[in-house]
Amino acid sequence: FPDSARASKLYQAPARELSLQLHPIGVTSPANLESAFKDAVKARSGALAMTAGAFLSADANQKRIADLAVKYRLPAISDRDDFVANGGLMSYGADDSERFKRVAVFVDKVLKGTKPADIPVEQPRKFELVINLKAAKQIGLIMPPNVLARADKVIR
């Protein structure tokens with residue numbers, strides 16, 4: 001999906017360590033979504049991992065991807081929790097509320113005179129796992145209890 005060429009390079013080594021084979025598919029418009037899913041099925045993909053990008057931020061695109069994931073019975077994960085709210089199976093990514101709080105701290109520092117270049121870059125500290133059990137049921141996937149126990153949010 002979006003940014004798949006760049007993400008594919010980043011994910012190749014971890015995928016090899018887990019004995020997974022990646023099949024990157026670039027999608028730049030909603031018109032290409034159905035053919036991307038057909039390509040994924042043809043390549044015998046077992047799941048979809050969507051990388052962040054402007055394309056995925058639109059609710060309509062997220063809903064369409066979630067609907068196609070059900071149609072083609074492919075588990076789909078994103079780093080955006082709003083994807084799960086729009087019908088996707090799961091997300092794992094930085095906690096948005098924590099990120100917004102940190103932005104407020106940075107803005108406060110700049111308004112008090114700190115030069116932006118003097119503010120260190122921070123990595124997210126808190127991550128959330130969100131699972132949509134309705135989506136799991138629609139694709140015939142049973143979530144293991146230990147995975148559900150680790151979830152920060154479960155949509156039923």
Side-chain angles (χ1 to χ4, degrees), residues 1-15 18 20-108 110 116 119 121-143 147-148 150-156:
F1 285 109
D3 302 325
S4 62
R6 185 187 66 167
S8 175
K9 290 177 186 173
L10 292 171
Y11 300 152
Q12 286 297 337
L18 296 168
L20 297 174
Q21 183 179 356
L22 298 182
H23 180 76
I25 300 172
V27 177
T28 57
S29 96
N32 302 43
L33 282 171
E34 182 98 26
S35 63
F37 273 85
K38 288 178 182 176
D39 289 347
V41 169
K42 187 186 290 185
R44 296 187 176 154
S45 296
L48 301 172
M50 292 165 289
T51 58
F55 181 79
L56 192 55
S57 66
D59 284 350
N61 293 340
Q62 291 178 10
K63 178 74 174 122
R64 178 81 171 123
I65 292 166
D67 290 346
L68 287 167
V70 168
K71 178 179 177 179
Y72 289 96
R73 301 181 62 80
L74 286 172
I77 187 171
S78 171
D79 63 340
R80 301 177 57 102
D81 61 352
D82 54 344
F83 172 66
V84 180
N86 282 310
L89 176 65
M90 66 173 49
S91 67
Y92 182 73
D95 178 2
D96 286 336
S97 63
E98 184 68 24
R99 210 170 20 181
F100 294 139
K101 288 176 191 173
R102 296 305 305 155
V103 167
V105 170
F106 294 151
V107 169
D108 182 59
V110 170
I119 300 173
V121 175
E122 293 185 6
Q123 294 292 325
R125 296 180 203 159
K126 183 178 178 196
F127 291 82
E128 286 188 321
L129 173 62
V130 183
I131 298 172
N132 183 333
L133 287 178
K134 180 181 175 188
K137 184 177 180 180
Q138 289 176 316
I139 62 171
L141 182 66
I142 297 171
M143 287 298 219
V147 173
L148 289 173
R150 291 181 179 166
D152 297 286
K153 295 178 190 171
V154 177
I155 297 173
R156 298 185 187 276

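This is a predicted model, so every value here is computed, not measured. Along the sequence shown, the residues carry numbers beginning at 1.
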Using a 4.5 Å cut-off on heavy atoms from C-beta on, say whether the side chain of [Y] contacts that of [X].
| X | Y | result |
| --- | --- | --- |
| Leu133 | Met143 | yes |
| Arg64 | Asn61 | no |
| Ile65 | Phe83 | yes |
| Ile155 | Lys134 | no |
| Lys71 | Glu34 | yes |
| Asp96 | Asp81 | yes |
| Asp82 | Asp59 | yes |

Stepwise side chain to side chain contact (heavy atoms under 4.5 Å, CB included) test for Phe37 and Leu74: CA-CA 9 Å; Phe37 273 85; Leu74 286 172; 4.1 Å; yes

Phe100 six-ring centre to Arg102 NZ/CZ under 6.0 Å and within 45° of normal: no

Steps toward side chain to side chain contact (heavy atoms under 4.5 Å, CB included) verdict (Arg80, Gln62): CA-CA 10 Å; Arg80 301 177 57 102; Gln62 291 178 10; 3.5 Å; yes

Asp152 side chain to Leu129 backbone, donor-acceptor under 3.5 Å: yes

Polar side-chain atom of Ser45 near backbone of Ala47 as donor-acceptor pair, under 3.5 Å: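 No: the side chain of Ser45 does not pair with the backbone of Ala47.
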
So, taking the atom named [atom1] in [X] and the one named [atom2] in [Y], what distance separates them when rounded to the nearest 0.5 Å?
| X | Y | atom1 | atom2 | answer |
| --- | --- | --- | --- | --- |
| Arg125 | Gln123 | CZ | CD | 10.5 Å |
| Lys126 | Ser97 | NZ | OG | 5.5 Å |
| Leu89 | Ile139 | CG | CD1 | 5.0 Å |
| Tyr92 | Ile77 | OH | CD1 | 9.5 Å |
| Gln21 | Gln12 | CD | CD | 9.0 Å |

Test applied, side chain to side chain contact (heavy atoms under 4.5 Å, CB included); reference residue, Ile25; option that passes from Asp39, Leu33, Asn32: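 One option only clears the test, and that one is Asp39.
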
Where [X] and [Y] come nearest, the two heavy atoms and their spacing:
| X | Y | value |
| --- | --- | --- |
| Gly88 | Ala135 | O-CB, 3.8 Å |
| Val84 | Asn132 | O-ND2, 3.2 Å |
| Pro14 | Tyr11 | CD-O, 3.3 Å |

Other residues, nucleotides, ligands: >12 heavy atoms within 6.0 Å of Glu98 CD: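 Yes, enclosed.
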
